[in-house]
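Both ligands and their constituent atoms are indexed starting at 1 by order of listing. Bear in mind the structure is a predicted one, so any value in this text is a computation, not a measurement.
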Amino acid sequence: MYPYTICFIKRGHNLLLLNREKAPTKGLWNGVGGKFEPGESPLACVLRETFEETGIKLADAHYRGVVSWESDGISRGGMYVFVAELPEDYVYPTPLKISEGILDWKAIDWILSERNLGIGEMIPYYLPAILRGECLEHRCTFSNHKLTGYTAVSLSVEVLGS
Ligand SMILES: Nc1nc2c([nH]c(=O)n2[C@H]2C[C@H](O)[C@@H](COP(=O)(O)OP(=O)(O)OP(=O)(O)O)O2)c(=O)[nH]1
């Protein structure tokens, strides 16, 4: 079991991202999410965290696998990844300042554009597969706080999140 969830809320060609006030991914745009409360399933956690951070009460979110990270050969953490789709006419005015940072709609093309240093460092690796609907385990390796390795593998039973 990994300790975190993350959600990418999609509306048309945009994702609702959070420019984070604090670590991890401090100062960068990332999905919304957070840590599990005792006894929560990944889906319950991501629906609660999404509501707490955005005020959006999602009816459902689609499980898209796991992102995990390690350094010095030791597993340091991981998160269950979800995508939720809102209707194109869903009204959610941004930018919106919240205690965790600033929420805003960011175009998927902008998020995934080359050399975009403003987004969470693992996002360029795992987000394309997630948006294609693939459900994988994305493994990232860090050395001196820099991402130095990435592989995507089939999900093993233990890390199934829904
Ligand atoms: N710990 C950690 N989380 C990460 C990394 N990269 C990344 O996208 N995340 C995600 C997982 C979560 O969605 C989010 C971190 O959650 P958080 O610390 O804000 O959790 P929380 O809201 O429950 O925290 P808090 O209010 O209790 O401090 O960032 C990373 O390298 N380390």
Side-chain angles (χ1 to χ4, degrees), residues 1-10 14-58 60-85 94-106 108 110-113 116-131 134-153 155 159-162:
M1 194 80 189
Y2 290 118
Y4 297 98
T5 60
I6 194 164
C7 189
F8 292 91
I9 300 174
K10 189 166 180 275
N14 296 279
L15 300 179
L16 184 62
L17 297 187
L18 172 65
N19 190 274
R20 289 176 56 92
E21 196 78 25
K22 57 173 190 166
T25 64
K26 183 176 177 174
L28 301 176
W29 294 97
N30 203 0
V32 294
K35 281 193 273 298
F36 282 88
E37 286 184 354
E40 261 183 341
S41 67
L43 180 62
C45 173
V46 82
L47 296 178
R48 175 187 52 76
E49 284 283 353
T50 299
F51 179 66
E52 286 176 6
E53 292 184 355
T54 69
I56 298 173
K57 217 168 181 107
L58 295 170
D60 199 8
H62 305 289
Y63 176 57
R64 292 286 183 259
V66 164
V67 174
S68 62
W69 49 93
E70 58 154 64
S71 59
D72 303 321
I74 298 166
S75 171
R76 305 289 177 180
M79 57 190 181
Y80 299 89
V81 186
F82 290 81
V83 172
E85 194 135 2
T94 61
L96 181 62
K97 178 75 182 76
I98 61 169
S99 59
E100 292 87 352
I102 301 163
L103 291 164
D104 203 358
W105 293 105
K106 307 301 285 185
I108 293 170
W110 178 84
I111 295 167
L112 295 176
S113 57
N116 183 346
L117 301 178
I119 57 168
E121 56 272 73
M122 298 185 285
I123 286 181
Y125 296 90
Y126 70 81
L127 188 63
I130 274 151
L131 294 177
E134 294 168 22
C135 201
L136 297 167
E137 182 178 357
H138 303 267
R139 293 182 181 159
C140 299
T141 306
F142 285 83
S143 285
N144 291 326
H145 306 284
K146 290 250 179 309
L147 201 159
T148 53
Y150 167 80
T151 52
V153 298
L155 272 179
V159 294
L160 287 175
S162 44

(message) Between the side chains of Lys97 and Glu21, is the shortest nitrogen-to-carboxylate-oxygen separation below 4.0 Å, so that they form an ion pair?
(response)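 Yes, this pair counts.
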
Any idea which protein heavy atom is nearest [atom], and the distance to it?
{"atom": "atom 13 (O) of ligand 1", "result": "Thr5 O, 2.8 Å"}
{"atom": "atom 32 (N) of ligand 1", "result": "Trp69 CZ2, 3.2 Å"}
{"atom": "atom 17 (P) of ligand 1", "result": "Arg20 NH2, 3.9 Å"}
{"atom": "atom 4 (C) of ligand 1", "result": "Pro24 CG, 3.5 Å"}
{"atom": "atom 24 (O) of ligand 1", "result": "Lys35 NZ, 3.4 Å"}

(message) Counting only heavy atoms, tell me which of Met79, Arg48, Glu21 gets closest to atom 11 (C) of ligand 1.
(response)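 The option holding the nearest heavy atom is Met79.
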
(message) For atom 7 (C) of ligand 1, which of the options Val32, Leu147, Asn30 provides the nearest non-hydrogen atom?
(response)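 When every heavy atom of Val32, Leu147, Asn30 is considered, Asn30 comes closest to atom 7 (C) of ligand 1.
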
(message) Give me the atom names and distance for the closest heavy-atom approach of Gly27 to Asn19.
(response)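 Result for this residue pair: O-ND2, 3.3 Å.
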
(message) Testing the basics here: between Pro95 and Ile102, what is the closest heavy-atom pair and its distance to 0.1 Å?
(response)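 In this case the closest contact between Pro95 and Ile102 is CB-CG2, 3.9 Å.
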
(request) Heavy-atom contacts with Lys22 under 4.0 Å: which atoms of ligand 1 show up? List them by number with element. (result)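 Listed by number with element, the hits are 24 (O), 25 (P), 26 (O), 28 (O).
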
(request) For Glu49, take its heavy atoms, then give the atoms of ligand 1 lying under 4.0 Å from any of them. (result)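 Reading through ligand 1 atom by atom, the close ones are 22 (O), 23 (O).
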
(message) Surrounding NZ of Lys26 (heavy atoms of other residues, nucleotides or ligands, distance under 6.0 Å), is the total greater than 12?
(response)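 No - once you tally the heavy atoms of other residues, nucleotides and ligands closer than 6.0 Å, there are 12 at most.
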
(message) For Tyr125, I'd like to know if atom OH has over 12 heavy atoms of other residues, nucleotides or ligands within 6.0 Å.
(response)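 For Tyr125, atom OH is not crowded (no more than 12 foreign heavy atoms under 6.0 Å).
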
(message) Please report the interatomic distance CZ(Phe142) to OG1(Thr148), rounded to the nearest 0.5 Å.
(response)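 It is 8.0 Å, given to the nearest 0.5 Å.
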
(request) Rounded to the nearest 0.5 Å, what's the gap from CD1 on Ile123 to CG on Leu28? Could you check? (result)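 Going from the CD1 atom of Ile123 to the CG atom of Leu28 covers 8.5 Å.
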
(message) Tell me the contacting part of Val67 for ligand 1: side chain, backbone, both, or neither, using a 4.0 Å heavy-atom threshold, strictly below.
(response)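 No part of Val67 is near ligand 1 at this cut-off.
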
(message) Yes or no: does Met122 have any heavy atom under 4.0 Å from an atom of ligand 1?
(response)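 Contact check Met122 vs ligand 1: positive.
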
(request) Output yes when a side-chain donor or acceptor of Tyr80 lies under 3.5 Å from a complementary backbone atom of Tyr2, and no otherwise. (result)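 At least one qualifying donor-acceptor pair exists.
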
